[in-house]
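Contents: one structure, followed by commentary.
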Amino acid sequence: VATAADAASLGKAIMIFALPDVKMILLTVAVFVPLEWLFSLHREQKLFRKWWKTDITYLTLNVIPISAGINIILFVVILLAAQVMPKSLGDWVGSQPVWLQVPAMILLADLGFYSVHRMFHAVPFLWKFHAVHHSIEEMDWLAAHRVHPLDQICTKGASLIPVFALGFSPLSIGIFMTIYHWQSLLIHSNTRLRFGFLEYILATPRFHHWHHAKDAAAHDKNFAGQFAWLDILFGTLHMPNRMPDNYGTNMPMPESYFAQIAKPVRQLLGRPNPQTNL
Ligand SMILES: [Zn+2]
Ligand SMILES: [Zn+2]
């Protein structure tokens with residue numbers, strides 16, 4: 001059985017994600033701004049489109065509440081796993097080749113993501129929080145960051161619990177986290193990039209753009225974050241052979257970061273914002 005010291009050191013390792021990572025933000029801008037310019041899907045969409053300032057706030061500030069929540073969840077998970085999981089199981093998982101660990105991790109993580117994401121669509125109380133993400137009307141890499149912290153803590157937490165509990169090696173976890181990060185930005189990006197038959201295996205822009213489409217036929221479809229085939233398996237795939245024209249919901253949403261974060265909480269307390277009535 002792993003010791004509490006192992007758990008504490010892993011806990012510390014996770015804390016690295018707690019503050020805005022300026023280098024990563026600059027790298028992301030350097031990759032996606034040219035990519036969306038070269039392979040632009042909705043060409044009329046401006047770089048500084050509606051609500052870009054709100055989404056910059058998400059990009060820079062949201063990591064703080066999200067990391068805090070996820071760190072608490074993972075710290076508990078790691079401590080519990082250290083108590084109940086035989087050390088030999090963790091050693092066996094961590095000693096598998098990286099090419100096997102990474103897809104296994106994506107599968108376990110995405111099963112968690114799929115279930116919690118689907119729950120956020122199905123349960124009215126949770127939808128109030130997830131509606132913030134679905135308020136995106138112009139898709140791009142920046143809009144990917146518009147997620148209510150409680151929503152992100154739950155979906156990302158569900159993805160990361162098996163990743164951190166089962167003893168995967170630090171190198172494999174690093175590769176997994178890198179794929180997770182770039183794939184989630186790519187699938188929201190304003191790009192017309194197509195991936196042939198891979199679009200039925202992996203989550204791609206076409207797959208996730210349809211998740212955000214305004215069409216009624218597209219509602220509550222394409223829940224996976226990384227493996228599109230999970231939606232085929234569970235009968236929730238909706239992916240016409242073109243990209244959607246319109247995105248979003250008919251639910252009104254205030255513009256500022258803090259008003260969006262507060263909105264579902266205000267709704268639950270029955271105390272709408274006196275200025276916006278939202
Ligand atoms: Zn959704
Ligand atoms: Zn999305």
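Predicted model, so just to flag it, every value in this text is computed and none were measured. All ligand and atom numbering here is 1-based and tracks the order in the structure.
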Looking at His211, which of its N, O or S atoms is the nearest one to the Zn ion (ligand 1)? NE2

If you consider just the N/O/S atoms, which atom of His117 is the closest one to the Zn ion (ligand 1)? NE2

Do you see an N/O/S atom of His121, backbone or side chain, under 2.8 Å from the Zn ion (ligand 1)? yes

If only side-chain N and O atoms count, and only distance matters, is there a donor-acceptor pair under 3.5 Å linking His219 with His211? no

So, for Pro254 and Lys263, which heavy atoms are closest and what is the spacing to 0.1 Å? CD-CD, 3.7 Å

Could you tell me whether any N, O or S atom belonging to His134 is less than 2.8 Å from the Zn ion (ligand 2)? no

Mind checking whether Met119 and Tyr114 have side chains closer than 4.5 Å, heavy atoms only? no

Answer yes or no: is there a side-chain heavy-atom contact under 4.5 Å between Arg206 and Met243? yes

Looking at His208, the N, O or S atom sitting nearest the Zn ion (ligand 2) is NE2

To the nearest 10 degrees, calculate the angle at the Zn ion (ligand 2) involving NE2 of His188 and NE2 of His133. 100°

Does Glu138 pair with Lys50 as a salt bridge, N-O distance under 4.0 Å? no

